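This report concerns only the one structure given below.
Everything numeric here is computed off the predicted structure, so don't read it as measured data. Below, all heavy atoms of this structure are taken into account, side chains as well, without hydrogens, waters or symmetry copies. Each chain gets a letter, A, B and so on, in the order the sequences are listed, and its residues count up from 1.
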Protein chains: 2
Amino acid sequence: MKIGQATIKDIARELNVSSSTVSRALKDYPGISDETKRKVKELAEKLNYRPNAIALSLRKSRSFTIGVIIPEVVHFFFSTVISGIEEEANSRGYNVILTQTNEKLGREKSSIDTMLSNQIDGFLVSHSKETEDFEHFSKLLDQGYPIVFFDRVPQIPHAVNVTVDDYKGAFDAVSHLIQQGYRRIVHLSGPKNLTISTERIRGYKDALMAHGIEINKKLIVECPLGTDDESRKTTRQLLESMEERPDAFFGNNDMAAVGAMLACKDWGLRVPEDIGVVGFSNWQFCSMIDPGLSSVAQPGFQMGAKATQLLLDIIEKKINPEDIKESITLPTELLIRKSSVR
Amino acid sequence: MKIGQATIKDIARELNVSSSTVSRALKDYPGISDETKRKVKELAEKLNYRPNAIALSLRKSRSFTIGVIIPEVVHFFFSTVISGIEEEANSRGYNVILTQTNEKLGREKSSIDTMLSNQIDGFLVSHSKETEDFEHFSKLLDQGYPIVFFDRVPQIPHAVNVTVDDYKGAFDAVSHLIQQGYRRIVHLSGPKNLTISTERIRGYKDALMAHGIEINKKLIVECPLGTDDESRKTTRQLLESMEERPDAFFGNNDMAAVGAMLACKDWGLRVPEDIGVVGFSNWQFCSMIDPGLSSVAQPGFQMGAKATQLLLDIIEKKINPEDIKESITLPTELLIRKSSVR
DNA sequence: ATTTTCGATGCAATCGGTTGCGTTGACGTT
DNA sequence: AACGTCAACGCAACCGATTGCATCGAAAAT
């Protein structure tokens, strides 16, 4: 494109050979004289020749591009995942095209459409909060398109999923709170239609049960947005309405945990003396706030890299998606800071 | 691609017409009978036909894809910009392909190469910290490729740049500190080869001078990494070594400001009573920490959207880059929180 | 009845690169 | 001299869609 991008034909014309010869010379095929190869390569260098990837894509029906569909870019965890994706894809010679759904199902579907038009070689998907029906994905899988889901994974049999160990992360976090002597532990949960949310709820419940603490459904409060403002309000209402006040908060994410922490401070409670708080994700700010926020670290970069690695292996037929029986689960790690230690 | 993506030829064969007829029927060209149009569209719908964007790109020498080159994805400000880019590009029918340089000049150059191979229609660039020579960009401009630079803009005459008003942001921040009675104000600056850094330094100096305070070069300390750890150490050293201690910190970014704040707390100083702190960027965590961090907000989303809008207008020849005389500057806004008010 | 007109459609080149197969000519062999 | 061998290269089809320029047949005009 543009004025002056040299093509194989330009080289061929200049050297009075056919374009096939140029093509073969550039790729060191046998059956081309060294002399010709030399001349072709020289001229290619001089003209600053760059193969046209579009033409190649058309011919090979391969674009060496993968499509990433993600709820939000401005999100510490997701941006970390993107970084991992970008690194791995780049090192294996693939491009990354990116769309964010802003949590809208409609944009998820239209993203798929434009990506299909662009002949991408495979999808990396973390679905939106609105997505409850996964047919638009299973249709793609049936048609044979490679897809790897990460973090927000759908309930589709035989889908290749990469997640972190949400269950164990939650279990560890809540166990830690219990060991520190907290008993009435609130879980500020995520939307119930997300597997990550239900897994964390499961971890929360199991940790309580493992320590002989009865589960009180009133202590599981949904914070669908996951913002600090939302959880701040929710927490205040909770403190106002409950006869016996909670003594700890386990947030589905760090923003929710911070919101709870701020609400408790507003209410005159001290963290960690009166209230223990643990978050999930280990966002950057956890170590910057006072007191430092304990949090369950999720390896976002590794998740992106691993998902990409799987996808490219599937695309390049190095592995068969049907051989992957269960979800890939990456370990989480509880990082203990001041907010939960008394 | 893949098994079963229908093409125009499939439709043509099935209907016993030529592919030209199908192409024209789909686009409602005159000269095709209504009957044929109906049949073609019906079958296209049934076969779930999607035009092959790759073939179109080859034919038109246009890919409807723009390339974004950015230092880091995991960065609140840049991810916000990406979000703006993605929104604007998407709404105008363009794809976004993304690469991060991780602040490496080499990756900046290789990104350009692969993007050129992929026939992208234009570039959006924020250059790396390593980049001090801009020839690889000016060469592209000479060849006629549309480029819009944002935030980290190069010193190339006639380049189209989108920045925020770094100078005024810094000027306002420092003026505010002075008004609050702080006098010995340290500036934790960014790398000197970035225009954004030098502009902020200029704003810092001018604010001091405007209030009749002498500039002390020892109070301008470079924090090239811009991490909280780095500035925490730098600040500690500063507190240890100076005979007359500073009473305020203006950070080149929020991380640096937080680092300073933490170091001061470690040192037994109170914020804002003993030390005033102002950051730059207004990251999410500014309102979550205690005390809340005053900061200069930069409109990242708007910057991304504006830069994309300009780029697409140049690509579509709606505007001529040469008509854009000066840099586009977006307003900054000082948000005052507790960290700088006594 | 012959010519003109025009609606409806097909042919073939094109974008840039790849690749199976055929062609050419120099050389060696019998 | 006649034939086989092989290195070196060209031809043309192909990937999917677009588009200027035929072409064809039937209705309208003469």
Side-chain angles (χ1 to χ4, degrees), chain A residues 1-41 43-44 47-65 93 114 116-121, chain B residues 1-41 43-44 47-65 93 114 116-121:
Chain A
M1 72 175 243
K2 222 75 241 145
I3 0 72
Q5 202 31 319
T7 73
I8 266 194
K9 292 181 187 174
D10 297 329
I11 299 179
R13 198 178 318 114
E14 188 117 348
L15 258 40
N16 272 323
V17 293
S18 75
S19 49
S20 350
T21 303
V22 175
S23 172
R24 286 189 261 249
L26 286 171
K27 311 200 108 190
D28 267 333
Y29 266 50
I32 303 291
S33 71
D34 289 347
E35 172 68 5
T36 307
K37 283 184 186 173
R38 197 187 50 74
K39 279 202 274 184
V40 167
K41 287 177 183 173
L43 187 58
L47 296 181
N48 205 10
Y49 168 78
R50 246 182 279 273
N52 184 325
I54 296 284
L56 269 172
S57 298
L58 184 57
R59 182 106 228 286
K60 308 258 181 187
S61 298
R62 288 280 317 275
S63 62
F64 286 94
T65 299
T114 57
L116 284 179
S117 273
N118 281 281
Q119 316 298 109
I120 58 161
D121 294 342
Chain B
M1 72 177 242
K2 220 71 242 145
I3 3 75
Q5 203 28 320
T7 73
I8 267 193
K9 291 182 189 174
D10 297 329
I11 299 178
R13 198 179 317 114
E14 187 115 351
L15 257 41
N16 272 322
V17 294
S18 74
S19 50
S20 349
T21 303
V22 175
S23 171
R24 287 191 261 249
L26 286 170
K27 310 203 107 190
D28 268 335
Y29 266 51
I32 303 291
S33 70
D34 290 347
E35 173 68 5
T36 307
K37 282 184 187 173
R38 196 185 50 73
K39 281 202 277 185
V40 167
K41 286 178 183 173
L43 187 59
L47 296 182
N48 206 9
Y49 168 77
R50 248 181 276 273
N52 184 323
I54 297 282
L56 270 172
S57 296
L58 183 58
R59 183 110 227 286
K60 309 257 179 187
S61 297
R62 286 284 314 277
S63 62
F64 286 95
T65 299
T114 58
L116 284 178
S117 274
N118 282 280
Q119 316 296 114
I120 57 161
D121 294 343

Between [atom2] of [N] and [atom1] of [X], the distance in whole Å:
X: B:D10; N: D:dC15; atom1: CG; atom2: P; result: 10 Å
X: B:R13; N: C:dG10; atom1: CZ; atom2: C1'; result: 17 Å
X: A:R59; N: C:dT19; atom1: CZ; atom2: P; result: 6 Å
X: A:Q119; N: D:dA17; atom1: CD; atom2: C1'; result: 12 Å
X: A:R62; N: C:dT18; atom1: CZ; atom2: C1'; result: 15 Å
X: B:L15; N: C:dT9; atom1: CG; atom2: P; result: 11 Å
X: B:L58; N: C:dC15; atom1: CG; atom2: C1'; result: 4 Å
X: B:R50; N: D:dA17; atom1: CZ; atom2: C1'; result: 17 Å

Below 4.0 angstrom from OP1 or OP2 of C:dG10, is there any side-chain N or O of B:S18?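 Looking at the OP1 and OP2 atoms of C:dG10, one of them is under 4.0 Å from a side-chain N or O of B:S18.
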Under 4.0 Å from OP1 or OP2 of D:dT18: is there any side-chain N or O of B:S23 that close?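 For B:S23, the contact criterion (side-chain N or O under 4.0 Å from OP1 or OP2 of D:dT18) is met.
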With hydrogens left out and only the distance checked, is there a donor-acceptor pair under 3.5 Å joining A:R24's side chain and the base of D:dG10?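 Side chain to base: pair present.
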Write out a two-atom table: protein N or O, nucleotide N or O from nucleotides 24-27 of chain C, distance below 3.5 Å.
none

Heavy atoms under 4.0 Å, any strand shown: does [X] hit a base, just sugar-phosphate, or nothing?
X: B:V17; value: sugar-phosphate
X: A:S20; value: base
X: B:K9; value: base

With DNA chain D as reference, determine whether B:K60 or A:N16 sits nearer its 5' end, using the nearest nucleotide of each.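 Between the two, 5'-proximity favours A:N16.
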Which pair of heavy atoms, one from A:D121 and one from A:S63, lies closest together, and at what distance?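 Between these two residues, the closest heavy atoms are OD1-N, 3.0 Å.
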Contact summary for A:A53 and B:Q119, nearest pair of heavy atoms: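 What the structure gives for the nearest pair is N-OE1, 4.5 Å.
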Walk me through whether A:L15 and A:L43 qualify under side chain to side chain contact (heavy atoms under 4.5 Å, CB included). CA-CA 9 Å; A:L15 258 40; A:L43 187 58; 3.5 Å; yes
Distance-only donor-acceptor check, side chains A:T21 and A:S18, under 3.5 Å: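 Result is yes, a qualifying pair exists.
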CD1/B:I32 to OG/B:S20 distance, rounded to the nearest 0.5 angstrom?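 The distance works out to 8.5 Å.
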Kindly state which residues belonging to residues 25-39 of chain B come within less than 4.0 angstrom of DNA chain D, counting heavy atoms of the residue only, listed by number.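 Listed by number, they are B:K27, B:Y29.
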Should B:N48 and B:R50 be marked as a side chain to side chain contact (heavy atoms under 4.5 Å, CB included) after you check the CA-CA gap, both sets of side-chain angles, and the distance that decides it? CA-CA 6 Å; B:N48 206 9; B:R50 248 181 276 273; 3.4 Å; yes
Indicate yes or no for a side-chain donor-acceptor contact from A:K37 to the backbone of A:Y29 under 3.5 Å, with no hydrogens or angles considered.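 Confirmed, A:K37 side chain pairs with A:Y29 backbone.
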Any donor-acceptor pair under 3.5 Å from A:S117 side chain to B:N52 backbone: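 No.
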Verdict with reasoning, A:L56 to A:F64, per side chain to side chain contact (heavy atoms under 4.5 Å, CB included): CA-CA 10 Å; A:L56 269 172; A:F64 286 94; over 6 Å; no
I want to check something: taking the side chain as every heavy atom from C-beta on, are B:L58 and B:I54 in contact at a cut-off of under 4.5 Å?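 No; the side chains remain at least 4.5 Å from each other.
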Over 12 foreign heavy atoms within 6.0 Å of NZ, A:K41: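 More than 12 within 6.0 Å, yes.
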Taking atom NZ of B:K39 as the centre, does the number of heavy atoms from other residues, nucleotides or ligands within less than 6.0 Å exceed 12?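 Open.
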Give the angle between the helix axes at the two ends of the helix from C:dA1-D:dT30 to C:dT30-D:dA1, taking five base pairs at each end and rounding to 10°.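 Helix axis angle between the two ends: 80°.
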